[in-house]
Novice: 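Below is a structure I'd like to ask you about.
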Amino acid sequence: MKEVFEKIWELALPYQDKRDDKGHAEITTSYALKLLESERGNENVVVPAIILHDIGWSQLTKDERMTIFDHSATKDEKLRVRYRHQDEGVRLGKDILNQVNYTQNLIEEILDIISQHDTREGFISQDEGLARDADKLWRFSKTGFIADLIRNKFSFQQLYDKLTNKIELPNFFYSNKAKQIAYDELEIRKKDCNGAQK
Ligand SMILES: [Fe+2]
Ligand SMILES: [Fe+2]
């Protein structure tokens with residue numbers, strides 16, 4: 001990664017992966033870099049946006065952070081914490097980007113992506129689409145898949161089917177490349193599972 005991205009990464013590190021989702025920041029960042037290899041997008045927007053997108057969770061209490069996974073929580077309660085992690089992410093992200101003297105108009109674009117990365121319907125730009133694709137691909141990664149299996153007590157097949165059905169949903173993925181990565185990842189999950197059963 002470019003030096004400035006490394007600096008942003010270091011400054012964000014204390015705030016990462018605060019939702020029992022160890023590896024989320026690293027894995028989603030590596031998907032963003034992978035998407036940028038073939039998709040046209042501005043790495044100066046996409047990479048900082050994905051590094052910083054979830055740091056806001058660190059500002060919520062543990063109970064608040066886990067509301068999202070609590071089956072007894074209402075839709076409104078879940079939405080409220082989603083908005084809060086986005087708002088806190090914008091606040092902290094702005095601070096970090098200013099600390100590395102990032103370009104002002106890029107900061108605005110990055111913060112706009114973070115501000116609604118979990119709640120926005122549809123996509124506002126190529127860069128926003130790619131950042132959100134990278135975030136969603138987490139669930140298809142080995143680490144994200146296992147975390148989901150354990151947390152929701154899904155069987156392998158239940159989760160496999162659930163994720164397969166998401167891939168082609170309108171406005172789920174922005175890029176075809178992300179869809180392809182998602183299918184490829186699910187194939188590997190299946191092979192891993194079959195291998196584990198032998
Ligand atoms: Fe998020
Ligand atoms: Fe995320």
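Heavy atoms only: backbone and side chains are in, while hydrogens, waters and symmetry mates are out. Order of listing sets the numbers, starting from 1, for every ligand and every atom in it. Sequential numbering from 1 along the given sequence is applied to the chain's residues. Since this is a predicted model, take the numbers as computed values, not measurements.
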Novice: Taking the Fe ion (ligand 2) as the reference point, name the nearest N/O/S atom of Asp135.
Specialist: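 Among the N, O or S atoms of Asp135, the one closest to the Fe ion (ligand 2) is OD1.
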Novice: Could you confirm whether His117 has any N/O/S atom lying under 2.8 Å from the Fe ion (ligand 1)?
Specialist: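 True for His117.
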Novice: Please name the atom of Asp54, limited to N, O or S, that comes nearest to the Fe ion (ligand 1).
Specialist: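 It is OD1, the N, O or S atom of Asp54 closest to the Fe ion (ligand 1).
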Novice: If we ignore angles and hydrogens, is there a donor and acceptor under 3.5 Å between the side chains of Glu185 and Tyr31?
Specialist: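 A donor-acceptor contact under 3.5 Å links the two side chains.
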Novice: Is Thr29 close to Met1 at the side-chain level, that is, under 4.5 Å between some pair of heavy atoms?
Specialist: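 Heavy-atom side-chain distance check passes, below 4.5 Å.
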Novice: Can you see whether Gln104 engages Asn98 through a side-chain donor-acceptor pair at a distance of less than 3.5 angstrom?
Specialist: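 Yes, Asn98 and Gln104 have a side-chain donor paired with an acceptor closer than 3.5 Å.
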Novice: Taking the Fe ion (ligand 2) as the vertex, how big is the angle to NE2 in His53 and NE2 in His24, rounded to 10°?
Specialist: 90°
Novice: Any chance the side chains of Ser125 and Glu128 put a donor and an acceptor closer than 3.5 Å?
Specialist: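 The answer is no; no qualifying pair exists.
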